Amino acid sequence: MTSKKTEPKPQRDRFIETARELGCDEDEGRFNETLKRVAKAPPKEKP
């Protein structure tokens, strides 16, 4: 029985494939909206 050896995918390709499976996108506006909800900076203290 012979088996074909295929070259493993480069890490970049595996990353992109996984990101697509997880539903990630490249929309900058949506990223900024999510970032504002997740990373709220505490208010600056007044001197």
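Because the structure is a prediction, the values reported are computed rather than measured.
- Residue pairs meeting the side-chain hydrogen bond (donor to acceptor under 3.5 Å, both in side chains) criterion with at least one member in residues 16-26, sequence neighbours excluded, are Lys9-Glu17, Asp25-Arg30.
- Through side-chain heavy atoms spaced under 4.5 Å, either directly or across other Ile, Leu, Val, Met, Phe, Trp or Tyr residues, Phe31 is tied to Leu35.
- Between Asn32 atom CG and Arg37 atom CZ the span is 11.5 Å, to the nearest 0.5 Å.
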